[in-house]
Q: 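Quick one: structure below, then a few questions.
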Amino acid sequence: MSGVREQLERVRQRIAAAAQASGRAASEVRLLAVSKTKPSAAIREAYAEGQRDFGENYLQELVRKAEELSDLSDIRWHMIGHLQTNKAKLAVRHSSLVHTVDSPRVAEALGRRRGDWISESSGLPAHLATPLAVLVEVNIAGEAQKSGCAPDEVGELLAAVQREPWLDLRGLMTVPPFTDEPEIARKCFEALRALRDANGGRERLPELSMGMSDDLEAAIAAGATIVRVGTAIFGARAAKTAEPS
Ligand SMILES: *Cc1c(COP(=O)(O)O)cnc(C)c1O
């Protein structure tokens, strides 16, 4: 008994309560279940409870699980880890939303690969022959080792994404510094929202991907439309290992 079902239910209740507390509808907040390192069986359990959006950090792992779970035809895979341009070809085939566009180079690679893939695959159903939905990742606290563009580069990067006919700009994403100080995360979420408002607002950037297991309430209060939750649904993960390149 893994408890995925109960834990998923608890997370849904937290989201509903947080939305209500900030005068928002729970339906405005999409739960992304972060399944990295977890087996496909755990994903099936969450799927059986109605969960459809799943997030992975490593592209090889995302592709392997997408193949293992290809019978779940309406499942949606989100790429939430750092993306290398040499993996763009894989990313564009398997992701319903890429959260981590952090440079014009990545935007160009994704746009070009998406276009190539669509023109090469003649039998593709019309609903798949569409621009790839992406978010721009912002390193909101300016941490040295972190991926994401600097806040003052956002305008330029958004423009680079919008120059790509095969990309569909959907919004912004951030990962706040790892700390047990909730005030820091809250400030980061508010800063991302302010950045969205300064760069075209909801019209241009409808999605804000922010908030994880420990701080989803603060993210929802600040306007999150996607919360990315792993541990609170699937339990603790083993220590992280590097992706083979
Ligand atoms: C792992 C991860 C999450 C989920 O974190 P939890 O604390 O387990 O909920 C969310 N976003 C990103 C980018 C991650 O890498």
Side-chain angles (χ1 to χ4, degrees), residues 2-16 19 25-81 83 87-101 110 113-115 117-118 120-135 166-171 173 206-213 216 220 224-235:
S2 72
V4 166
R5 182 173 179 220
E6 291 74 12
Q7 300 193 114
L8 184 59
E9 183 50 35
R10 218 168 295 143
V11 169
R12 286 173 172 160
Q13 286 168 5
R14 284 176 62 192
I15 291 171
S27 59
E28 287 174 38
V29 184
R30 178 151 52 139
L31 172 58
L32 174 59
V34 177
S35 47
K36 61 186 179 198
T37 81
K38 298 296 177 183
S40 290
I43 298 173
R44 278 191 194 279
E45 269 190 82
Y47 182 93
E49 297 304 315
Q51 179 64 32
R52 290 295 177 271
D53 293 279
F54 293 89
E56 291 285 339
N57 282 58
Y58 296 130
L59 210 49
Q60 274 97 337
E61 187 175 344
L62 185 157
V63 172
R64 175 172 59 75
K65 289 176 180 170
E67 284 166 358
E68 286 172 9
L69 298 166
S70 60
D71 57 309
L72 310 179
S73 59
D74 60 348
I75 196 168
R76 290 182 292 267
W77 294 101
H78 295 237
M79 176 58 183
I80 63 170
L83 196 61
K87 305 249 170 72
K89 189 174 175 175
L90 278 178
V92 303
R93 293 173 190 221
H94 297 279
S95 318
S96 84
L97 180 62
V98 172
H99 292 228
T100 47
V101 172
L110 287 174
R113 292 300 194 173
R114 182 71 166 194
W117 178 57
I118 286 166
E120 285 160 14
S121 348
S122 48
L124 219 54
H127 76 277
L128 288 179
T130 56
L132 175 68
V134 300
L135 306 178
W166 288 108
L167 296 185
D168 176 17
L169 176 64
R170 300 291 304 154
M173 177 270 207
E207 304 279 7
L208 287 179
S209 167
M210 56 190 194
M212 313 197 287
S213 291
L216 65 89
I220 291 170
T225 63
I226 302 176
V227 291
R228 309 178 307 265
V229 180
T231 310
I233 297 173
F234 294 112

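Computed from heavy atoms alone, side chains included, the values below leave out hydrogens, waters and symmetry copies.
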Q: Considering only NZ, NE, NH1 and NH2 on the basic side and carboxylate oxygens on the acidic side, decide whether D168 and R114 come within less than 4.0 Å.
A: no
Q: Under a 4.0 Å N-O cut-off, is there an ion pair linking E6 with R10?
A: no
Q: Within a strict 4.5 Å, meaning less than it, do heavy atoms of the D53 and L31 side chains meet?
A: no
Q: If every non-hydrogen atom of S96 is compared with every non-hydrogen atom of A133, which pair is closest and at what distance?
A: O-CB, 3.6 Å
Q: What verdict does the side chain to side chain contact (heavy atoms under 4.5 Å, CB included) test give for L97 and L32, after you've listed the backbone C-alpha separation in whole Å, the side-chain angles of each residue and the deciding distance to 0.1 Å?
A: CA-CA 11 Å; L97 180 62; L32 174 59; over 6 Å; no
Q: State which residues pass side-chain hydrogen bond (donor to acceptor under 3.5 Å, both in side chains) with E207; sequence neighbours excluded, sorted by chain then number.
A: T225
Q: Looking at residues at least two apart in the chain, or sitting in another chain, which of them share a side-chain hydrogen bond (donor to acceptor under 3.5 Å, both in side chains) with R170?
A: none
Q: Test E49 against R12 for side chain to side chain contact (heavy atoms under 4.5 Å, CB included), laying out the working first.
A: CA-CA 11 Å; E49 297 304 315; R12 286 173 172 160; 4.2 Å; yes
Q: Side-chain contact, heavy-atom cut-off 4.5 Å: H78 with R30?
A: yes
Q: Taking the side chain as every heavy atom from C-beta outward, state whether L167 and V101 have any pair of such atoms under 4.5 Å apart.
A: no
Q: Taking only residues two or more places apart in sequence, or in another chain, which ones meet E68 in a salt bridge (charged side-chain N to carboxylate O under 4.0 Å, His left out)?
A: R64
Q: Does some side-chain heavy atom of L132 sit less than 4.5 Å from a side-chain heavy atom of W166?
A: no
Q: Does the pair R93 and R113 meet the rule for a side chain to side chain contact (heavy atoms under 4.5 Å, CB included), with working shown?
A: CA-CA 9 Å; R93 293 173 190 221; R113 292 300 194 173; over 6 Å; no
Q: Within the 4.5 Å heavy-atom criterion, are H99 and I226 side-chain neighbours or not?
A: yes
Q: Does I75 reach the side chain of I43, with side-chain heavy atoms less than 4.5 Å apart?
A: yes
Q: Do D71 and R44 have side-chain heavy atoms sitting under 4.5 Å apart?
A: yes
Q: Looking at CG of L72 and CH2 of W77, how far apart are the two atoms once the value is rounded to the nearest 0.5 Å?
A: 8.0 Å
Q: Could you walk me through whether L216 and V29 pass the side chain to side chain contact (heavy atoms under 4.5 Å, CB included) test, one step at a time?
A: CA-CA 10 Å; L216 65 89; V29 184; over 6 Å; no
Q: What is the minimum heavy-atom distance between T231 and S213, and which atoms define it?
A: N-OG, 3.4 Å
Q: State whether Y47 and R52 meet the cation-pi test: NZ (Lys) or CZ (Arg) under 6.0 Å from the six-membered ring centroid, and within 45° of the perpendicular axis.
A: yes
Q: Any side-chain to backbone donor/acceptor pair from K65 onto S35? Under 3.5 Å, distance only.
A: yes
